[in-house]
Amino acid sequence: MSSPNPQVQSFDLVIFGGTGDLAARKLLPAMFHRFVDGQIPENSRIIGIAREATDDAGYREQMRKALNAEGPKAEKVDAFLKQVFYRSLDARKDAGWDDFAALMAERPDNVRVFYLSTSPDLFIDICTRLGSHRLNEGASRVVLEKPIGRDLQSANQINDAVGQVFNESQTYRIDHYLGKETVQNLLALRFGNALFEPLWNAEHIDHVQITVAETLGVGNRAAYYNRAGALRDMVQNHILQLVCMVAMEPPASLSPDAVRDEKLKVLRSLKPIDASNAAHLTVRGQYRAGAAEGQGVPGYLEELGDKSDTETFVALKTEIANWRWAGVPFYLRTGKRLPERVSEIVVAFKSVPHSIFDASAGAIANNRLVLRLQPDEGVKLWLTIKHPGPGGLRLRHVPLDMSFAEAFGVSQPDAYERLLLDVVRGNPTLFMRRDEVEAAWLWADPILDAWACSGESPKPYTAGTWGPSASVALIERDGRTWNDGGE
Ligand code: NAP
């Protein structure tokens with residue numbers, strides 16, 4: 001039997017922003033785990049780049065701390081770090097680039113992956129210099145971290161500038177939500193089972209809700225976050241990508257463009273929200289001092305140390321205006337300093353057309369399919385069954401529960417592990433194409449404009465609660481409720 005984790009071809013992964021938070025917390029650990037599983041050929045290198053004046057040895061020590069490996073994995077750290085290198089250069093200046101290009105020339109046959117894990121202001125400088133050193137030629141790929149712009153216009157500027165150097169097939173716009181097992185499982189569930197697809201439409205689905213809730217505040221990312229806000233940081237990218245995976249038509253195959261064509265159609269079918277309906281369909285919030293995990297925590301403005309109208313919470317109701325989904329509301333919600341760290345998609349089915357049971361049996365609860373992305377990835381299908389025993393017939397609502405960790409006895413790989421190797425393999429299926437990013441901004445920009453024109457501040461909510469009460473009203477006025485409590 002072939003290995004489930006075959007080696008990829010030899011590569012150089014160059015991380016611009018190699019000393020940053022994302023590199024230390026996600027990218028290097030992801031590569032280390034793939035190394036431990038034997039997927040990284042010996043001839044491959046991981047090259048960190050930043051301005052900090054350190055060298056290979058200094059960078060390896062930083063990364064050793066970041067990996068924080070224990071047990072049998074700790075024995076593999078030294079071997080892994082031998083494949084890790086560092087070059088100090090400023091992306092905005094020419095010094096150091098010749099030396100870096102010479103390092104790259106040492107392994108001409110390696111696939112080259114340039115991961116731009118820096119502020120997006122540097123993307124254009126980095127790509128221009130990669131191009132002038134002809135590092136964009138051959139098997140070269142560039143990975144762009146979110147955010148890609150702060151509106152359609154700035155996204156176009158970045159995409160145009162990157163596009164001068166790398167063609168679209170070399171450009172990987174990462175959205176790590178697409179690398180999560182549950183999200184890929186949505187494809188398997190929908191298109192690998194005969195059960196769901198016949199019911200996957202407005203006739204049988206009452207509504208869909210997607211929640212991405214964090215318990216953390218903005219912490220040391222306040223400067224970035226204050227320019228972005230929840231809609232740009234979470235909804236325009238991650239949550240809309242989840243909407244696409246739920247709502248898209250069956251693609252003809254899993255080829256990258258077949259999948260991305262279908263996602264694009266969903267984005268283009270989102271009903272517009274603008275100044276005429278934003279007050280009715282959206283709720284913005286900003287946390288005040290409260291509690292998180294039993295501890296008192298400051299409010300957003302105290303953390304920022306300034307005044308701000310940036311939203312740390314958004315809830316909204318949208319629809320997909322096509323034949324499959326007409327009239328089915330999609331309730332989307334995300335925020336910081338909420339009571340639980342949870343990301344989930346809930347597909348709520350309609351009720352049965354007629355109940356044959358007496359009132360004494362209890363109510364028939366609607367079926368729900370709950371796809372949990374974090375913390376424990378898994379799927380629950382809520383069904384109505386009979387309460388066991390010889391008494392009268394009483395109905396109960398119970399889940400068919402599949403926690404992936406329990407079912408497969410393995411912890412799930414981090415999304416970056418999968419996605420980084422997909423870039424090396426040259427498989428862009430789980431990355432966003434330029435037209436998807438544009439379509440997402442085309443939908444998000446009028447919401448941002450409507451908020452800006454309204455002159456209204458976000459509604460306050462206490463840290464540790466589920467956002468402003470208006471968010472509850474947004475769904476309850478339709479006779480539905482948020483799936484709080486993780487069921
Ligand atoms: P960060 O911690 O601020 O790191 C920025 C990195 O860029 C540092 O290594 C910094 O090192 C380097 N850098 C800054 N200016 C440079 C220049 N002129 N030339 C070369 N290197 C330069 O940022 P981060 O949190 O890792 O985030 C990186 C990107 O990923 C951002 O676009 C962010 O929005 C995105 N992102 C981050 C996360 C996350 O969890 N952190 C999640 C999703 C997306 P020096 O100062 O030494 O140069």
Side-chain angles (χ1 to χ4, degrees), residues 26 143-152 155 159 168 171-191 200 208-214 228-251 254-271 273 314-316 318-320 322 324-325 330-335 342-347 371-374 377 414-416 418-420 422-423 427-445 447:
K26 292 288 183 185
V143 184
L144 306 181
E145 252 303 338
K146 72 153 205 198
I148 300 186
R150 48 178 289 104
D151 52 22
L152 179 62
N159 283 324
E168 183 61 29
T171 307
Y172 288 70
R173 296 176 193 81
I174 197 159
D175 187 317
H176 68 275
Y177 271 60
L178 294 181
K180 289 185 180 288
E181 286 290 319
T182 312
V183 176
Q184 293 167 61
N185 233 310
L186 192 50
L187 289 178
L189 273 176
R190 282 190 62 191
F191 306 125
W200 210 258
V208 174
Q209 45 178 282
I210 300 180
T211 296
V212 176
E214 298 177 274
L231 191 88
R232 289 191 179 93
D233 189 51
M234 280 288 173
V235 180
Q236 184 273 346
N237 36 61
H238 304 315
I239 294 186
L240 286 190
Q241 287 293 318
L242 299 181
V243 169
C244 289
M245 298 300 266
V246 173
M248 71 181 182
E249 295 299 314
L254 273 189
S255 81
D257 280 335
V259 174
R260 298 189 298 179
D261 287 346
E262 295 307 336
K263 280 163 54 197
L264 180 64
K265 287 185 205 159
V266 174
L267 292 168
R268 289 185 173 158
S269 308
L270 286 168
K271 264 199 178 169
I273 301 179
V314 60
L316 59 86
T318 186
E319 264 182 49
I320 295 162
N322 65 18
R324 184 188 282 262
W325 293 110
F330 280 65
Y331 299 96
L332 315 179
R333 167 177 78 152
T334 183
V342 58
S343 298
E344 68 179 17
I345 302 168
V346 179
V347 180
L371 300 125
R372 175 70 73 103
L373 280 66
Q374 60 189 23
E377 294 201 48
D414 188 80
Y416 281 97
R418 158 83 195 234
L419 294 174
L420 281 166
D422 275 358
V423 183
N427 180 355
T429 307
L430 298 176
F431 295 80
M432 286 180 292
R433 213 168 50 190
R434 176 175 178 160
D435 47 11
E436 287 180 74
V437 176
E438 288 171 3
W441 279 124
L442 265 173
W443 178 79
D445 277 355
I447 303 176

If only side-chain N and O atoms count, and only distance matters, is there a donor-acceptor pair under 3.5 Å linking [Y] with [X]?
{"X": "Gln236", "Y": "Lys146", "result": "no"}
{"X": "Asn159", "Y": "Arg173", "result": "yes"}
{"X": "Glu436", "Y": "Gln241", "result": "yes"}

Step-by-step salt bridge (Lys or Arg N to Asp or Glu O under 4.0 Å) determination, Glu377 to Lys180: CA-CA 8 Å; Glu377 294 201 48; Lys180 289 185 180 288; 5.3 Å; no

Candidate pair Gln209 and Ile345, rule side-chain contact (heavy atoms from CB on, under 4.5 Å), full reasoning: CA-CA 6 Å; Gln209 45 178 282; Ile345 302 168; over 6 Å; no

For residues [X] and [Y], determine if any side-chain heavy atom of one lies less than 4.5 Å from a side-chain heavy atom of the other.
{"X": "Arg418", "Y": "Glu181", "result": "no"}
{"X": "Leu373", "Y": "Leu242", "result": "yes"}
{"X": "Tyr331", "Y": "Leu316", "result": "no"}
{"X": "Val235", "Y": "Trp443", "result": "yes"}

Any chance you could measure [X], atom [atom1], to [Y], atom [atom2], to the nearest 0.5 Å?
{"X": "Glu438", "Y": "Ile148", "atom1": "CD", "atom2": "CD1", "result": "10.5 Å"}
{"X": "Met248", "Y": "Glu262", "atom1": "CE", "atom2": "CD", "result": "7.5 Å"}
{"X": "Ile239", "Y": "Ser343", "atom1": "CD1", "atom2": "OG", "result": "8.0 Å"}
{"X": "Asp445", "Y": "Leu152", "atom1": "CG", "atom2": "CG", "result": "6.0 Å"}
{"X": "Leu144", "Y": "Phe431", "atom1": "CG", "atom2": "CZ", "result": "10.5 Å"}
{"X": "Thr211", "Y": "Arg333", "atom1": "OG1", "atom2": "CZ", "result": "3.5 Å"}

Given Leu189, Val246, Ile210, Val183, the one that forms side chain to side chain contact (heavy atoms under 4.5 Å, CB included) with Leu371: Leu189

Residue pair Leu332, Val243: steps toward the side-chain contact (heavy atoms from CB on, under 4.5 Å) verdict: CA-CA 9 Å; Leu332 315 179; Val243 169; 3.8 Å; yes

Measure from the side-chain N and O atoms of [X] to the backbone N and O of [Y], and report whether any donor-acceptor pair falls under 3.5 Å.
{"X": "Asn322", "Y": "Trp325", "answer": "yes"}
{"X": "Arg190", "Y": "Met245", "answer": "yes"}
{"X": "Arg260", "Y": "Asp435", "answer": "no"}

Nearest heavy-atom neighbours spanning [X] and [Y]:
{"X": "Phe330", "Y": "Ala247", "answer": "CZ-CB, 4.2 Å"}
{"X": "Ile174", "Y": "Met432", "answer": "O-CE, 4.1 Å"}
{"X": "Lys263", "Y": "Leu178", "answer": "NZ-CD1, 3.7 Å"}
{"X": "Asp422", "Y": "Tyr172", "answer": "O-CE2, 4.4 Å"}
{"X": "Ala258", "Y": "Pro251", "answer": "O-CB, 3.7 Å"}
{"X": "Ile320", "Y": "Leu270", "answer": "CG1-CD2, 4.0 Å"}

Derivation of the side-chain hydrogen bond (donor to acceptor under 3.5 Å, both in side chains) call for Thr429 and Asn427: CA-CA 6 Å; Thr429 307; Asn427 180 355; 2.6 Å; yes

Carboxylate-amine/guanidinium contact Asp261 Arg433, below 4.0 Å: yes

Check ion pair Lys265-Glu249 (N to O, under 4.0 angstrom): no

Whether His176 and His238 hold their rings parallel, tilted or perpendicular, with breakpoints at 30° and 60°: perpendicular

Derivation of the side-chain contact (heavy atoms from CB on, under 4.5 Å) call for Glu214 and Met234: CA-CA 11 Å; Glu214 298 177 274; Met234 280 288 173; 3.9 Å; yes

CA sep, side-chain torsions, deciding dist, call: Thr182, Tyr177, side-chain contact (heavy atoms from CB on, under 4.5 Å): CA-CA 9 Å; Thr182 312; Tyr177 271 60; over 6 Å; no

